[in-house]
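We're numbering straight along the sequence, starting at 1. Just so it is clear, the model here is predicted, and its values are computed rather than measured.
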Amino acid sequence: MGAHWIFCLLFVFTKFGFYCQMAPAAAGSELKQWTPGVGSSFRMESTLLLNEKDARTGKDVGYQVQGAVTVACVWQNPDPYATPDKLLKIELQYPQLLIKSRKAPAPEGFVTHGSKLDSLKNGPIFVHWVNGKIKNVYTVSGEDPAIVNLKIAVASLFQYQTGDSEGPKEEMDASGVCKTSYVSIDSHTLLKRKSNCKLLPPLPFVQHPEKVWSADVDSKREVFYEFNKDLSQIKRIASEESHVFHVAAREDVGSTITARLQLLNSGIPFEASVADAPSVDQAVQVLSKELKLLLSGQYLTLQREVLSCQDDADSCPNLAKLIKENREALHGKNFGTTRSASLFIKLIKAVRNGKKEEIIKVMKHSKNANLLPQLYDVLGTAQTITAHEAAMKLLNLNSEADVDKAERYFWALALGSQPLQAVIQDLSALIEKPIKSDKLRETMTLTLAAMANRFLQLKESDTTLNKQLKEREEVVAVQKLLSKKLSACKDTDEFCQLMYLRAMKNLGNETSIPQVLEFAFKGSRKVSVAAMKTLKSFPSKFWDANVLRSAEKIYFQLSKLFDSSARTLAIDILLESNPSDATLKHLLFSLTSSDPVYEVKQYLLQRLRQFADNDAEFAARIKRIVNSAGLNHYGALAQRGMTTAFTRPFMSHPSANGSLLTIQEVSGGILKRGIVDVVIDSKEKSHTIFSLGLFAGGLSSFVSSDDSTNSPEEGEEAATAGMELTVMGVQIRPFVFFNGQGELMGHVWSGTGSEKTPAYQALGLLQDSLLYIPLGTGTVAQITLLGGISFDLSGQIQFSLWNRNAHSLVEKNAGVSLQGLVKVDSAYVRSQIEFQVGTEVKLNLVSDIDFYSKVALCMQLKQLDSLIRHNIFKVERIPGSKHRLRKSTYRFVKVPGRCYYLNQKNNDMCRVIFKNT
């Protein structure tokens, strides 16, 4: 019995202790607050501050609003058995704006300043309060949203859930619809935390589907409630929240929003009249008549203040004016510069806000004739219905004069991050119609596939099941169209087959794999290689057992002889699929075979070393298999050939690392397939932001004195060379330099290409984000992130049959401009912080070939010096006043250039070629 009583006492004390600790929440329903006819007065202080992400490095900008708040219960449900149901009258009295000033008593302190807040119509707000939860509010009709939002924020503070229910709750207030949780700090202090707040009503939202190009916001919202000792009154309410915004690819670049709202009870109660009514609706009617005010009901949410262009000229840029003032920056000579990229961002804003008639007028202006390719870049990237309709009205798709301009527009559409369903449907209809230009037809087809792929990836705020199904239906329709077109290609029509296989690559749909595999096996050499490139571009999760078996058949040539490039692509698939030890063993044993295409074995060896350099576990597996299988000898690990593959870092950063991945597949002593990938490695995965591919065939007879051929079918291939570009995961139509020996000799004798010539120029967006955050201080913050890139790819080639040598140069110049803006606007004050990050990156690939006696190939990959500029501007204005505060910070980071080491064999050949220089 003694043990039983001890257990009972412990149980009682435990329960009592828990009750005391949770007093404000557990006893909430018994708190005698908001007695009818009695009111409380509070002193209000609201503070908003904006700063850069690392707040220790700069001075913030912001303001305060101070005033008095009175809260009185003016009606209570007369039914004593009903849930506590009350109507609270809240008045904001004498609101004043305070700004930061050197004249303030304390450093970085605040002083009062006149503003429109002093003269705004300001009536009471009535809150329907039900046991701590606010059902809705009643405001005076005709009031400015700025003052209504401020009172909504104050009213939100008086929503606190009481009772002893556990777990997170859902509440709607000035922050939106949030998950809330309550914690009792002591017997008279309560802490409310808010998370996962969703906007209501939904505000415009734009986010890049790729995480590495998006904007991240980390939010923290808390509200402290302090009661008096007998829990009958609130002594203090303090709301504090912070929102840290940063660029996903560079976490050190961003801004911080800090918002605080505090109410301090004066301790002096006052009497208030009470409405005599049976229901809350009738009570509102009674009060409306007594006060002679027109009251309207609304939810406890903020309204976004939309300022006119007169008040906010920066948000309404004029397209014609921008072009007139910055015409020089749009000229072709400025491609690859930050000047061009920065202007591009401004033009995007102007087009997105512009009307169709205005856009057409600008495009038709005679002074803009030489700028039309760049302007079509802007129209395509803007990705609005208005811009698309304007472009389609201006372009004649069957006019030879419009082909280049149309290609620029469709390239820009393909690279955009916010494809529209209506534009995809329009493009699907357009490619069904006859198009005279094969180049334009292919570009339109590749664009359609890329837009459908991005459309499915796009993460929108509305992610309901019906929405997802509709998105998938759109992509399925495009997949069926492309599949039908590919099947309809004649067996002898390589162009048709290649075009739709490249489109399948841009679409990236798993259901196309069986059809692509069919062309990998039955297609011609070019078609087979294109099919393997498509398979290689798919995510590795798409590579099922059938794909891996097919890759093995192609590499080991189990059914027929395959082109060496198809075999090397099969190697890539096998190595990137996390192969088993058995698969690795088979691949390693193939190094000892008598395969006459020795460059393929060299390729395998180079790729194995490349994977081992980047993955210690993979390196250990290879070493174990080599030793156990007796392959640690020159016959396996010292392959003949000049093919090379390597990865070199070019950027190291806590948020993301950058690397250059280079693969040079050589055949007959010259480059057959070359790739230079610019890769960004983020926390989640790797992203190839740009890939330059060079291809050539049928050229061995021009440079090789060796009678042995590297490929059994090399002699059957016509002389050809060209370039393939993949930008932001989207393949662009290949650029063919020559096709056939006749065209090649024409270039050689005429010297075409001996001067540096632009091959690809474009303007595009890297980042494109827009989001709104309602703040507990009664304002809405707008966050915008736009990243522009101005790209210039130029090249030259010098070929001498007399001296039997060749020299080529490929220059990749990119100007990048990143602009982020956080602004909080209202009718009485505007604060914002803007950052700009810009740099110009230059990468040169130089190749020299000497085939006078023996073939020597020297490649040099150079990254030139660059400078990163990071500027921060903090601005505060008071509409209707001359007050304008601006704080600026300028930072520079020098990035030294480098010449990348390829391998020792390349160094030896470079010494041979340049021994006399």
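- Side-chain contact annotation: Glu407 with Thr443, donor-acceptor N/O pair under 3.5 Å present.
- For the residue pair Gln731 and Thr726, no side-chain donor N or O sits within less than 3.5 Å of a side-chain acceptor on the partner.
- Here the side chains of Asp252 and His246 are not in contact, with every heavy-atom distance at 4.5 Å or above.
- Under the side-chain contact (heavy atoms from CB on, under 4.5 Å) test applied with Glu210, the options Gln767, Met728, Gln457 reduce to a single match, Gln457.
- The shortest distance between side-chain heavy atoms of Met363 and Leu375 falls below 4.5 Å.
- Here the side chains of Arg891 and Arg869 are not in contact, with every heavy-atom distance at 4.5 Å or above.
- Side chains of Tyr603 and Asp572: a donor on one and an acceptor on the other come within 3.5 Å.
- A heavy-atom distance below 4.5 Å is found between the side chains of Lys349 and Leu786.
- Listed for the Glu442 side chain is no donor-acceptor partner under 3.5 Å among the backbone atoms of Met499.
- Between Glu599 and Arg640 no salt bridge is recorded (no basic side-chain N to carboxylate O distance below 4.0 Å).
- Side-chain contact check for Asp792 versus Lys812: every heavy-atom pair is 4.5 Å or farther apart.
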Hey, can you pull the donor-acceptor pairs under 3.5 Å for the side chains in residues 333-342, sequence neighbours left out?
from: Lys333; atom 1: NZ; to: Glu328; atom 2: OE2; distance (Å): 2.6
from: Asn334; atom 1: ND2; to: Glu328; atom 2: O; distance (Å): 2.7
from: Thr337; atom 1: OG1; to: Asn334; atom 2: O; distance (Å): 2.5
from: Thr337; atom 1: OG1; to: Ser340; atom 2: N; distance (Å): 3.3
from: Thr338; atom 1: OG1; to: Glu840; atom 2: OE2; distance (Å): 3.4
from: Ser340; atom 1: OG; to: Ser790; atom 2: OG; distance (Å): 3.1
from: Ser342; atom 1: OG; to: Gln819; atom 2: NE2; distance (Å): 3.2

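- Note: Tyr760 and Trp411 have perpendicular aromatic rings, judged against thresholds of 30 and 60 degrees for the angle between ring planes.
- At least one side-chain heavy atom of Met444 sits less than 4.5 Å from a side-chain heavy atom of Ile435.
- The side-chain hydrogen bond (donor to acceptor under 3.5 Å, both in side chains) test applied to Asp768 returns Arg352, not counting sequence neighbours.
- For Gln904, the CD atom counts as densely surrounded, since its 6.0 Å shell holds more than 12 non-hydrogen atoms of other residues, nucleotides or ligands.
- Tyr598 and Gln639 form no side-chain donor-acceptor contact under 3.5 Å, judged by distance and modelled atom types alone.
- In the model, Thr688 has no side-chain atom that pairs as donor or acceptor with a side-chain atom of Asp677 under 3.5 Å.
- For Lys536 and Glu576, the salt-bridge test passes: some basic side-chain N is under 4.0 Å from an acidic carboxylate O.
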**Report entry** Step-by-step side chain to side chain contact (heavy atoms under 4.5 Å, CB included) determination, Tyr376 to Leu395
**Finding:** CA-CA 10 Å; Tyr376 276 111; Leu395 291 169; 3.5 Å; yes
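- Of all heavy-atom pairs between Pro649 and Arg898, the closest is O-NH1, 2.7 Å.
- Contact annotation: the side chain of Val895 never approaches that of Leu867 to less than 4.5 Å [non-hydrogen atoms, C-beta and beyond].
- Side-chain contact annotation: Lys842 with Ser866, donor-acceptor N/O pair under 3.5 Å absent.
- Taking the ring centre of Phe611 as origin, the terminal cationic atom of Arg607 falls outside the region bounded by 6.0 Å and 45° from the ring axis.
- Using modelled atom types and a 3.5 Å distance limit, the side chains of Ser817 and Gln836 yield no donor-acceptor pair.
- Between Leu440 and Phe410, some side-chain heavy-atom pair lies under the 4.5 Å cut-off.
- Arg673 and Thr568 share a side-chain donor-acceptor pair at under 3.5 Å.
- Panel note: side chain Asn368, backbone Val362; a donor-acceptor pair is recorded below 3.5 Å.
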